[in-house]
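As structure tokens, the structure follows; a few thoughts come after it.
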Amino acid sequence: MDSTDHQSSSLTTYLAVYVVILVISGLQILIAYENIDAYRIFIRMLLLAIIQAGLAVTFFMHMIWSDSFRLLNMRPFAH
Amino acid sequence: MVSEAHLTVSHSPDMETQEAPAFSISHKKLVMWLFIISDAITFGALLFAYGYLRNATPDWPRPFEARSVINAYVMTFILVTSSLTMLIAIRAARAGDKSRAMTWSFITVVGGFIFALLHIKEWLGLIGEGLRLFSNPWGSNLFGAAFFSITGLHLTHVVGGCIAITVVTLGYKRGRYNQEDLEIWGLYWHFVDLVWMFVVPFVYLLNIKH
């Protein structure tokens with residue numbers, strides 16, 4: 001698979017990811033004020049943070065389309 | 001699988017003196033990725049250490065009021081927005097629109113500086129309430145060390161990123177750097193953003209006053 005020449009992603013995608021990341025940050029604040037035990041709060045925070053980070057790595061850092069890091073398709077080496 | 005055939009150097013005369021690149025991405029970008037990985041491990045270690053300390057300390061302080069939470073959300077908003085403006089800058093650079101690329105990357109730098117100012121304001125507020133590196137009026141003395149080292153290291157990254165993006169953008173204007181250099185510093189900037197996504201819930205939101 002060679003996708004280096006593709007435009008990595010559209011501005012609409014970036015905007016959508018941006019909004020989702022901010023909404024997740026808002027959700028974390030709501031969870032922080034929930035009346036549940038600290039362990040459950042922690043697990044929810046962690047899951048949401050991982051989703052946020054995953055979105056940032058995938059879309060902002062172009063992990064999927066571009067040549068940023070080819071370990072994902074098991075081709076780190078030059079061809 | 002990468003077989004030897006994939007790595008064979010082409011035998012055209014002008015290629016003879018050149019080695020084939022070892023990786024399919026430029027060495028600069030590879031180095032940035034390796035730096036990001038090692039930096040992720042550094043922040044991971046700090047956050048883990050903080051997690052163990054917090055969990056093992058019964059009187060862990062929970063000093064953050066709604067004001068701090070709102071401030072942290074505004075900071076998140078600014079940092080994520082600056083990631084978006086960096087993406088716009090890189091798109092413009094790819095399209096060959098140099099002045100647009102420069103404008104957007106300077107907007108990114110401004111975002112970074114606003115973030116840093118808000119962060120310092122937050123620090124000064126807490127210091128005014130009596131928080132010190134090794135003491136505080138609320139509970140365990142470990143809180144200050146954990147708080148200042150995690151947020152301080154992140155703040156250092158933000159300020160460093162602002163300086164680096166400014167330097168690269170000015171170099172890009174003069175032709176010393178190209179759009180790939182901007183893109184590489186964009187990777188760094190998104191990473192700084194990503195670390196903040198872990199710092200806010202664990203350092204701020206788990207320690208709010210109830």
>> Going by salt bridge (charged side-chain N to carboxylate O under 4.0 Å, His left out), name the residues that satisfy it together with B:Lys121, two or more places apart in sequence or in a different chain.
In response: none
>> Between A:Glu34 and A:Arg40, is the salt bridge (charged side-chain N to carboxylate O under 4.0 Å, His left out) condition met? List the steps.
In response: CA-CA 10 Å; A:Glu34 257 183 64; A:Arg40 284 184 185 189; over 6 Å; no
>> Please give me the minimum heavy-atom distance between B:Pro201 and A:Met45, naming the atom from each residue.
In response: CB-SD, 3.4 Å
>> Test your reading of the model: is there a side-chain donor-acceptor pair from B:Asn136 to the backbone of B:Ser140, 3.5 Å cut-off?
In response: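 Checked: pair present.
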>> Between the side chains of B:Glu129 and B:Arg67, is the shortest nitrogen-to-carboxylate-oxygen separation below 4.0 Å, so that they form an ion pair?
In response: yes
For [X], is it the side chain, the backbone, both or neither that has a heavy atom under 4.5 Å from a heavy atom of chain A?
X        : answer
B:Leu205 : both
B:Ile90  : neither
B:Ala40  : neither

>> Just so I understand: if I count every heavy-atom pair under 4.5 Å between each of B:Val200, B:Thr81, B:Ile88 and chain A, which residue has the most?
In response: B:Thr81
>> If we define contacts as heavy-atom pairs under 4.5 Å, which of B:Trp189, B:Phe202, B:Phe77 has the most with chain A?
In response: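 Of the options given, most contacts go to B:Phe202.
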> In terms of heavy-atom pairs under 4.5 Å, which option from A:Ile24, A:Ile29, A:Ile41 contacts chain B the most?
Replying inline: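 Max contact count across the listed options: A:Ile29.
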> Do B:Lys98's NZ or CZ and the ring of B:Tyr172 fall within the cation-pi criteria of under 6.0 Å and 45°?
Replying inline: yes
>> At a 4.5 Å cut-off on heavy atoms, which part of A:Ile31 comes close to chain B: side chain, backbone, both, or neither?
In response: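 The answer is neither part of A:Ile31.
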